[in-house]
2 protein chains.
Amino acid sequence: MARWEPGTRERLQAAALELFVSQGFDETTASGIAAAAGVTERTFFRHFTDKREVLFGGQHVLAERFTAGVDAAPEDASPADLVSAALRGAGEFFPDDRRAWSRRRQAVIDAHPALQERELLKLAGLARDVAAAFADRGVPEPAASLAGQSCLTVFGVAFGLWIAEGETRPFAELASLVHGELARVASAPGR
Amino acid sequence: MARWEPGTRERLQAAALELFVSQGFDETTASGIAAAAGVTERTFFRHFTDKREVLFGGQHVLAERFTAGVDAAPEDASPADLVSAALRGAGEFFPDDRRAWSRRRQAVIDAHPALQERELLKLAGLARDVAAAFADRGVPEPAASLAGQSCLTVFGVAFGLWIAEGETRPFAELASLVHGELARVASAPGR
DNA sequence: GTCTATAGTGCGATAGAC
DNA sequence: GTCTATCGCACTATAGAC
C-alpha cells in the first residue's frame with residue numbers, strides 16, 4: 001500500500017473548485033483547500049505555485065490540441081485553413097459532456113478578477129504556442145502572431161457562446177460560425 | 001500652504017517605475033515606493049489597490065482614444081473601417097516622444113509574469129470598451145466582440161514592433177501595416 | 001516542516017479645506 | 001459642522017526561504 005493516497009493534485013483541484021463555488025475565492029484559504037484534500041498547506045504550495053494556479057491544470061493539454069490540429073493540416077493549407085485546423089483541434093477538448101463542468105468553472109473565474117488575470121496569462125501563452133506552430137509551417141511574422149492570436153479570439157468568443165445558458169450546439173459548430181464572422185470584420189478596410 | 005504636497009499619485013507612479021527598473025519588481029516593496037514618494041505604505045494602498053496597479057494608470061485615457069476614433073468615423077463606415085478608425089485614435093496616444101518611456105515600462109512588465117497578468121486584464125477591458133463602441137454603432141454580436149478583440153490584436157502586435165530596438169516608423173504606420181496583414185490571415189478559409 | 005517577510009485590509013485619529 | 005487625504009497600528013494570509 002502506498003504511503004500517500006495517490007491523486008493528491010487532483011483531489012486538491014476538486015476540493016478547490018468545490019470551495020470556490022460554495023464560499024467564494026477570497027473566503028477560501030489555501031490551508032482550507034489543503035485540509036479538505038487531507039494534506040497540509042505546505043503540500044498545497046508544492047503542487048501549485050499560488051492559490052489561483054489550482055484552477056488552471058489542463059492548459060498544456062489544450063495547447064497540444066491546438067498545435068496538433070495545425071500539424072495535421074495538409075501541406076498546401078493557407079494561413080486561414082491553418083486557423084480552421086487549429087480550432088478543430090481545440091474543439092476536441094470540449095465534448096458536450098464537459099459543458100456543465102466548464103460552466104461551473106467559468107462562473108468562478110468570472111466572479112474574480114484575480115482569476116481572470118491568470119486565465120488571460122494562460123490564454124496568451126496558448127496564443128504564443130499556436131503562433132509558434134504557424135511559424136513552423138513557414139508562416140512569417142507578424143502573420144504568425146496575428147494568426148495565433150486570432151485563433152484565441154475565435155476560441156474565446158466561441159467558448160462564451162458554448163457555455164451560454166440554453167446553448168446546445170457543439171463547440172466545433174460555434175467555432176466555425178465565429179471564424180466566418182471574424183473573416184468579415186477583419187477584412188481589408190476601405191474598398 | 002497645503003498640509004501635503006499635491007500629486008502624490010504621480011510621485012508614487014514615478015518612484016515605482018524608477019525602483020522597478022533599478023532593483024526589479026519583487027525586490028521593491030510597497031513601503032519602499034511610499035518612502036521614495038514621501039508618504040507611508042498605507043497611503044500607497046489608498047491610491048493603488050495593489051502593488052502592480054501603480055504601473056497601469058493611464059488606461060482609461062487610451063480607452064477614450066480608441067472609442068473616440070470609432071465615434072468620429074463616418075456614418076457609412078464598414079466594420080473594417082471602424083477598426084481602422086479605432087487604431088488611428090489609439091495611435092494618437094503614442095507620439096514618437098513617448099517611445100523611450102514605453103520601452104522602459106514594457107521592459108519591466110516583460111520581466112514579471114505578475115505584471116503581464118495585470119496588463120492582459122487591462123487590455124481585455126479595453127477590448128470590451130472598443131466592442132461596446134462598435135455595438136453602439138449598430139454592429140451586432142458576435143461581430144462587435146470580434147472587432148473589439150481584433151483591434152487589440154493589431155494594437156498589441158503593432159506596439160511590439162513600435163518599441164522594437166532600432167524601429168523609427170510612427171505607430172500609425174505600423175498599425176496600418178499590421179491591420180493589412182490581419183486581413184490576409186483572417187480571411188475566410190478554404191477558397 | 002518551521003519560520004518569516006510582505007501584501008493587503010480594517011479601523012480610529014488627525015488636520016487642513018470648504 | 002462636513003469632507004477628504006493622511007497617518008499609525010493591529011491583523012491575516014500568502015508565499016518563499018531556511
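Every heavy atom of this structure was used, including side-chain atoms; hydrogens, water molecules and symmetry mates were not. Residue numbers begin at 1 in each chain, while the letters A, B, ... track the order of the sequences.
Residue K122(B) is tested with E117(B), Q59(B), E53(B) for a side chain to side chain donor-acceptor pair (under 3.5 Å); the sole match is E53(B).
In this structure the side chain of V70(B) reaches within 4.5 angstrom of the side chain of R137(B), judged on heavy atoms. For the pair H179(B) and S84(B), the minimum side-chain heavy-atom distance is below 4.5 Å.
As rounded to whole Å, 13 Å separates atom C1' of dG8(C) from atom CD1 of I33(B). At whole-Å resolution of the value, CZ in R11(B) and C1' in dA5(D) are 12 Å apart. For L12(B) and dG8(C), the CG to P distance is 14 Å, given to the nearest whole Å. What separates CZ of R118(B) from C1' of dG8(C) is a distance of 13 Å, to the nearest Å.
No side-chain donor-acceptor contact under 3.5 Å links S176(A) to the backbone of A172(A). Judged purely by atom type and a 3.5 angstrom limit, R11(B) has no side-chain atom pairing as donor or acceptor with the backbone of G38(B). Using modelled atom types, one side-chain atom of R99(B) and one backbone atom of T168(B) make a donor-acceptor pair closer than 3.5 Å.
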- Task: Apply salt bridge (Lys or Arg N to Asp or Glu O under 4.0 Å) to the pair E41(B) and K51(B), showing each step before the final yes or no.
- Result: CA-CA 11 Å; E41(B) 180 182 331; K51(B) 202 174 99 179; over 6 Å; no

- Message: The test is side chain to side chain donor-acceptor pair (under 3.5 Å); show your working for T43(A) and T40(A) and say whether it passes.
- Response: CA-CA 5 Å; T43(A) 299; T40(A) 67; 3.3 Å; yes

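Contact annotation: side chain of R42(B) to base of dG10(C), donor-acceptor pair present below 3.5 Å.
Using cut-offs of 30° and 60° on the angle between ring planes, the pair F171(B) and F155(B) is tilted.
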Can you name the atoms? Protein N/O to nucleotides 12-15 of chain D N/O, anything below 3.5 Å, with the distance.
from: dT14(D); atom 1: OP1; to: A30(A); atom 2: N; distance (Å): 3.1
from: dA15(D); atom 1: OP2; to: K51(A); atom 2: N; distance (Å): 3.1

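In the model, S145(B) has a side-chain atom that pairs as donor or acceptor with a side-chain atom of E141(B) under 3.5 Å. In the model, D81(A) has a side-chain atom that pairs as donor or acceptor with a side-chain atom of S78(A) under 3.5 Å.
At dC7(D), one or more side-chain N or O atoms of T40(B) fall inside 4.0 Å of OP1 or OP2 (strictly under the cut-off). Under 4.0 angstrom from either OP1 or OP2 of dT6(D) there lies at least one side-chain N or O belonging to H47(B).
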- Query: Taking only Watson-Crick and G-U wobble pairs with both distances under 3.5 Å, what dot-bracket line describes DNA chain C, where [ ] shows pairs that cross earlier ones and | shows pairs with another strand?
  - Reply: ||||||||||||||||||

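DNA chain C is contacted by no residue of residues 109-116 of chain A, taking any non-hydrogen atom closer than 4.0 Å.
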